[in-house]
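Only one structure is covered here, and it is reproduced in the block below.
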Amino acid sequence: KRLVFLFLILVGVNGLVRAQQNKMPTPTEIAQKNVDELEKRLKLNGTQKSVIYSFTYNQAKEQAELIKRQQAGNSKEEDVDKFYKLQNETSKNIRNVLRP
């Protein structure tokens with residue numbers, strides 16, 4: 001469980017680094033990469049892959065908007081909180097999907 005959580009944090013940080021280099025992957029790419037990595041480690045079934053893809057896609061999409069706003073200089077103080085809240089919620093949702 002901790003491995004999954006740490007993995008998701010690393011993916012989020014990786015996304016931030018790429019965004020800062022102006023080579024930001026699309027939400028689709030991020031979601032697919034997350035599902036692929038989890039599949040390698042945990043042997044997900046089709047339903048789990050689909051649900052996790054949905055969670056990570058939505059997170060990546062919302063975080064991409066926050067990053068764009070920050071790059072444009074229009075970010076708000078609460079955007080940082082929202083960014084990390086999205087990560088935490090997605091991690092929690094994924095853990096719930098992975099529970100037997």
Side-chain angles (χ1 to χ4, degrees):
K1 292 178 187 177
R2 287 184 181 186
L3 177 67
V4 173
F5 182 71
L6 291 174
F7 172 76
L8 291 174
I9 288 176
L10 289 175
V11 170
V13 170
N14 185 33
L16 281 174
V17 169
R18 286 187 178 187
Q20 291 173 353
Q21 297 172 348
N22 291 326
K23 297 178 184 176
M24 189 168 154
T26 67
T28 302
E29 293 169 335
I30 292 170
Q32 190 60 55
K33 182 177 179 180
N34 286 341
V35 170
D36 291 345
E37 289 294 322
L38 287 173
E39 168 63 21
K40 286 179 194 175
R41 296 171 193 257
L42 304 173
K43 306 297 182 208
L44 305 174
N45 66 40
T47 301
Q48 289 172 322
K49 284 192 262 189
S50 176
V51 172
I52 291 171
Y53 179 89
S54 177
F55 287 141
T56 56
Y57 176 81
N58 290 332
Q59 173 194 355
K61 185 176 170 186
E62 290 186 51
Q63 287 181 336
E65 291 300 318
L66 294 171
I67 291 168
K68 285 179 188 175
R69 192 169 20 187
Q70 187 262 342
Q71 288 176 337
N74 299 326
S75 64
K76 301 174 186 172
E77 213 172 291
E78 61 267 11
D79 286 350
V80 174
D81 292 335
K82 184 175 183 180
F83 189 92
Y84 290 109
K85 182 179 178 187
L86 286 167
Q87 277 186 308
N88 291 336
E89 287 175 359
T90 300
S91 295
K92 178 182 171 187
N93 289 336
I94 289 172
R95 281 192 305 271
N96 287 336
V97 168
L98 297 175
R99 287 194 179 127

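Side chains are part of it too, since the values below use all heavy atoms of this structure and drop only hydrogens, waters and symmetry mates.
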Using atom types as modelled, flag every donor-acceptor pair under 3.5 Å from a side chain in residues 25-32 to any protein atom, sequence neighbours excluded.
residue : atom : partner : partner atom : Å
T26     : OG1  : E29     : N            : 3.1
E29     : OE1  : T26     : N            : 2.9
Q32     : NE2  : D36     : OD1          : 2.8

- Message: I'd like to know if the side chain of Q59 reaches the main chain of L86, judged simply by a donor and an acceptor atom lying under 3.5 Å from each other, with no hydrogens or angles considered.
- Response: no
- Name all residues meeting the side chain to side chain contact (heavy atoms under 4.5 Å, CB included) criterion together with K76; count only those two or more places apart in sequence or in a different chain, and write none if there are none. R69, E78, D79
- Item | Test item: I94 and T56 side chains (from C-beta on) under 4.5 Å apart, heavy atoms | yes
- Please name all residues satisfying side chain to side chain contact (heavy atoms under 4.5 Å, CB included) with D81, sequence neighbours left out, ordered by chain then number. none
- Any donor-acceptor N/O pair, S91 side chain to Q87 backbone, under 3.5 Å: yes
- Task: List in chain and number order the residues that pass salt bridge (charged side-chain N to carboxylate O under 4.0 Å, His left out) with K43, two or more places apart in sequence or in another chain; answer none if no residue qualifies.
- Result: none
- Task: Tell me, please, which residues at least two apart from V97 pass side chain to side chain contact (heavy atoms under 4.5 Å, CB included).
- Result: Q48, V51, I52, F55
- For the residue pair F83 and I67, establish whether any side-chain heavy-atom pair is separated by less than 4.5 Å. yes
- Query: Going from CD on E89 to NZ on K92, what distance comes out if it is rounded to the nearest 0.5 angstrom?
  - Reply: 8.0 Å
- Message: Testing the basics here: between K49 and L44, what is the closest heavy-atom pair and its distance to 0.1 Å?
- Response: CG-CB, 3.7 Å
- Using the test side chain to side chain contact (heavy atoms under 4.5 Å, CB included), find all partners of E65 that sit at least two apart in sequence or belong to another chain. K68
